[in-house]
Amino acid sequence: MAANQAQQTGTDKFERYSRQMILPGWGREGQSRLSEKSVTVVGCGALGSHVASHLARAGVGRLILADRDFVEYSNLPRQALYSEADAAAGLPKAVAAAQRLRQLNSQVEIEPHVVDVNPDTIEDLIAGADLVMDGADNFEVRYLVNEACVKHRIPWVYGGVLGTYGLTAAILPGETPCLYCLLGPMPPPGSVPTCETAGVLGPAVATIAALETVEGLKLLLDRRDALLKSLVVVDIWAGDFERIQTQRSQTRCPVCDDGRYELLDAERGSLTAVLCGRNAVQIHPWPAQVLDLAVLARRLEGTGPITANDYLLRFEVEGCQLTLFPDGRAIVKGTGDPIRARALYARYVGV
Ligand SMILES: [Zn+2]
């Protein structure tokens, strides 16, 4: 790869970044700083796809990608890193994203993690990161990221999109309001519209991802003076753009002020999550276990066609499609009912 890299870049590895280095306040110094920074992207769906692509092209040093899901054809209208070939191969998003990003910029160290972002995994995923970028598709993960980033004093940029509008804000623990300060307690599941009910417009995602990335780049370039320090709200269909100045409210925040990390420190149990817009449920057994997919494939031979790759095993039973990962997780597609999904998991995976 080194020879290939030298061919592409000549003797100056920063040559390809010339158009951004001439921007005010960037320069070789900024580019060099960027090349030493490490960023965790939580979720590699629509937002995460665009954010990771921007950051890889811009030349960050290291990208840690975390995603629990695999590529499907229904992702392709919005999720910029993936192709029909990725969907046909059933590749995990983190793996397919890493492959594409390495093609875009071989100078960036890419570290994919096919993993559920939960209280067990989040602290390892953000350890050593200079910045965390939000590509999550649900509030539970965002509030968990908020707690972990406040606890470890890591800046992060929140982003969310629904329908034709979206929100973004940079959060600097100890300096700016955190997500809890901005939005209050986590909305209970089912109380807010999701992309399943409200849909999502691809260019709205691209817009929020761009705004999110710009704030992230300011942080990575140590240009905190240029941060918007605002919650930015955009409806790209209506053409409404709004900046709401963010200030710490007078109300005490359990996360920032009291260091209470309710999600991070919650009692662990088996986790079941209904996946947004998918008619699917994720089962994540606790305690965590390792599945031997080859052994399982042999055991399931009588059930019908089985497909497998290096990262997952997939089969269909009782009108549902089960996709199993080596970390014990399963995504059960064809039902939004967690009880039915758990029953299928117990019956066919048997743990
Ligand atoms: Zn707070």
Side-chain angles (χ1 to χ4, degrees), residues 38-43 47-48 51 64 66 117-162 165-194 208-209 211-220 222-234 242-268 273:
S38 185
V39 182
T40 299
V41 180
V42 174
L47 266 180
V51 166
I64 297 137
V117 176
N118 62 39
D120 278 327
T121 57
I122 183 65
E123 289 179 280
D124 283 344
L125 289 167
I126 66 169
D130 298 290
L131 173 70
V132 175
M133 297 294 281
D134 182 7
D137 65 356
N138 67 82
F139 275 113
E140 192 166 354
V141 169
R142 288 198 182 97
Y143 275 72
L144 178 68
V145 167
N146 185 57
E147 289 185 2
C149 286
V150 169
K151 180 179 173 185
H152 294 283
R153 292 276 185 252
I154 300 173
W156 75 284
V157 188
Y158 154 63
V161 184
L162 186 71
Y165 86 101
L167 309 158
T168 180
I171 291 165
L172 283 71
E175 291 181 43
T176 69
C178 79
L179 190 69
Y180 194 109
C181 299
L182 286 177
L183 305 184
M186 185 172 76
S191 66
V192 289
T194 65
I208 292 298
L211 294 168
E212 195 182 324
T213 308
V214 171
E215 294 306 280
L217 285 171
K218 290 173 186 172
L219 286 162
L220 296 171
D222 292 336
R223 289 291 315 277
R224 293 186 177 208
D225 57 301
L227 286 167
L228 298 181
K229 296 195 170 66
S230 303
L231 180 68
V232 180
V233 186
V234 179
E242 194 180 358
R243 263 178 71 181
I244 303 161
Q245 209 73 22
T246 52
Q247 286 173 342
R248 288 294 317 276
S249 69
Q250 297 307 307
T251 324
R252 258 188 109 70
C253 170
V255 182
C256 297
D257 295 318
D258 301 335
R260 275 185 14 230
Y261 308 120
E262 284 185 3
L263 295 167
L264 205 52
D265 297 337
E267 279 290 313
R268 309 292 155 80

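Counting starts at 1 for both ligands and their atoms, following the listed order.
Within a radius of less than 2.8 Å around the Zn ion (ligand 1), the protein N, O or S atoms are Cys178 SG, Cys181 SG, Cys253 SG, Cys256 SG.
In summary, of the residues considered (Ile171, Asp134, Leu219), a side chain to side chain contact (heavy atoms under 4.5 Å, CB included) with Val157 occurs for Leu219 alone.
Not counting sequence neighbours, Lys229 has no partner by the side-chain hydrogen bond (donor to acceptor under 3.5 Å, both in side chains) test.
At least one side-chain heavy atom of Val233 sits under 4.5 Å from a side-chain heavy atom of Ile244. Put simply, the side chain of Asp265 does not reach to within 4.5 Å of the side chain of Glu147, judged on heavy atoms.
Between Met186 atom CE and Asn138 atom CG the span is 8.5 Å, to the nearest 0.5 Å.
A salt bridge links Arg223 to Asp225: at least one charged side-chain nitrogen sits closer than 4.0 Å to a carboxylate oxygen.
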